[in-house]
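Start at 1 with the first residue, then count along the sequence. Ligands are counted one by one from 1 in listed order, and the atoms in each one are counted from 1 as well. These numbers were taken from a predicted model, which means no experiment stands behind them.
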Amino acid sequence: MNTSTNVDPSEISKFSALAHRWWDPNSEFKPLHAINPLRLGWIETFITLLGKKTVDIGCGGGILAESIANRGADTLGIDLSDKALKVAELHALETGASVRYRSISAEALAREEAGQYDLVTCMEMLEHVPDPASVVQACADLAKPGATLFFSTLNRNLKSYVFAIVGAEYILRLLPKGTHQYAKFIKPSELARFIREANLEIIGMKGLSYNPITQVYSLSDDTDVNYMIAVRKPLA
Ligand code: SAH
């Protein structure tokens, strides 16, 4: 696929329309706020963030990017929703977080800055793009040899359909209807194939489980719905 077309404009407008609500912890982005300390903590079990040159792909309003920057990483967030990036920039001004943002695709940045990053994160984004393998390849290209990368997305099975679409969008109304398209969910085996094809090595995997009764997310070994994969780019 031509990398300049690896974007679904309807996905970008969906996130742009909600952009002003990004930092409202009770908004549509509540789940991202809830999982952020968990995913940040998991990332820190693999690497120390201080001083790491980091790029966060599909950063949206900057929930993950800001938290990484606040740990002392030299952080760039990229997205194709200019509205989300504006919100991210304003929020960083307010909080004083030292993070930069750019409106550019992963593939285009990889052509400019190949091999420059110690840490690449790409979370809750792959299920919104037409060709996720191309984004994984771009992340691999951005990484230095020995760098660590993190991907997260939604698994594709009956349980993830029930939890992520029926439960989250229709019953609990955590997310607006139409936030996620089931067909674009990615099985761990598929993501693992994209990762292998990009010559990266998997070093860890975790589930993020939601308990609808307590309304609490936790890290778990249940990768049936939300899951994260940690990856290393081999040295040389
Ligand atoms: N990664 C953030 C935000 C996830 S929401 C977090 O986990 O907190 C998904 C984001 O992906 C949105 O901001 C959306 O604009 C962005 N996105 C969707 N398609 C994209 C593409 N092709 N290139 C870059 N960003 C994209």
Side-chain angles (χ1 to χ4, degrees), residues 1-25 27-43 54-70 75-89 91-92 97 99 101-112 119-139 141-142 149-154 164 168-169 174-176 178-181 184-186 194 206 208 217 226-229:
M1 171 176 294
N2 177 346
T3 53
S4 64
T5 62
N6 188 18
V7 56
D8 179 342
S10 69
E11 291 280 358
I12 300 300
S13 31
K14 208 158 62 187
F15 287 102
S16 293
L18 296 171
H20 59 291
R21 299 166 66 83
W22 215 289
W23 285 92
D24 175 350
S27 70
E28 294 81 355
F29 298 106
K30 185 175 181 171
L32 295 180
H33 287 279
I35 63 173
N36 201 55
L38 299 171
R39 59 192 184 180
L40 185 66
W42 193 60
I43 289 172
T54 301
V55 60
D56 183 33
I57 311 291
C59 62
I63 296 173
L64 179 66
E66 252 200 41
S67 66
I68 290 175
N70 288 341
T75 311
L76 171 71
I78 68 165
D79 204 284
L80 289 175
S81 165
D82 291 349
K83 286 216 170 113
L85 291 172
K86 279 262 152 26
V87 169
E89 271 164 4
H91 194 267
V99 52
Y101 291 104
R102 274 187 73 183
S103 178
I104 187 168
S105 70
E107 290 91 344
L109 187 71
R111 285 191 290 272
E112 279 181 26
L119 169 62
V120 182
T121 53
C122 179
M123 298 206 155
E124 313 306 320
M125 181 268 197
L126 293 173
E127 71 275 20
H128 299 286
V129 299
D131 181 359
S134 160
V135 175
V136 172
Q137 181 63 57
C139 291
D141 293 343
L142 285 161
L149 301 88
F150 294 86
F151 298 100
S152 75
T153 190
L154 281 159
E169 296 184 15
L174 291 170
L175 299 172
T179 297
H180 285 117
Q181 292 167 255
K184 290 168 102 182
F185 290 3
I186 304 168
F194 304 155
K206 264 286 173 229
L208 274 165
Y217 281 93
N226 288 87
Y227 67 96
M228 308 184 279
I229 294 190

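- Taking every non-hydrogen atom of Asn6 and a distance limit under 4.0 Å, the qualifying atoms of ligand 1 come out as 22 (N).
- Of the heavy atoms in Glu11, none comes closer than 4.0 Å to ligand 1.
- The ligand atoms of ligand 1 that sit less than 4.0 angstrom from a heavy atom of Val129 are 19 (N), 20 (C), 21 (C), 22 (N).
- With contacts defined as side-chain heavy-atom distances shorter than 4.5 Å, the pair Ile63/Trp22 qualifies.
- Applying side-chain contact (heavy atoms from CB on, under 4.5 Å) to Leu64 and the options Asp56, Leu32, Ile35 leaves one that passes, Asp56.
- Residue Lys14 places its NZ atom among more than 12 non-hydrogen atoms of other residues, nucleotides or ligands, all under 6.0 Å distant.
- More than 12 heavy atoms of other shown residues, nucleotides or ligands fall within 6.0 angstrom of atom NZ in Lys206.
- Legend: residues meeting side chain to side chain contact (heavy atoms under 4.5 Å, CB included) with Asp82, ordered by chain and number and at least two apart, are Leu85, Ser103.
- Looking at Val7 against ligand 1, both its backbone and its side chain come within 4.0 Å, counting heavy atoms.
- Taking all heavy atoms of Gly58, Pro31, Ser16 into account, the minimum distance to atom 10 (C) of ligand 1 is reached by Gly58.
- With Leu142 as the partner, the side-chain contact (heavy atoms from CB on, under 4.5 Å) test is satisfied by one option alone out of Leu119, Leu109, Leu76: Leu109.
- For ligand 1, the atoms sitting less than 4.0 Å from at least one non-hydrogen atom of Trp22 are 3 (C), 13 (O), numbered in the order shown with element in parentheses.
- Counting the atoms of ligand 1 from 1 in the order shown, those under 4.0 Å from a heavy atom of Ser81 are 15 (O).
- The parts of Leu80 lying near ligand 1 are both backbone and side chain, judged by heavy-atom distances below 4.0 Å.
- With hydrogens and angles left out, the side-chain atoms of Thr75 and Thr54 include no donor and acceptor closer than 3.5 Å.
- From the protein, the heavy atom lying nearest to atom 21 (C) of ligand 1 is Met125 CE, 3.6 Å.
- Here Cys59 has backbone heavy atoms under 4.0 Å from ligand 1, and that is the only part of it that gets that close.
- Looking at Lys83, Glu124, Arg39 and measuring to atom 6 (C) of ligand 1, the nearest heavy atom belongs to Arg39.
- In the vicinity of Gly60, heavy-atom distances shorter than 4.0 Å reach the ligand 1 atoms 13 (O).
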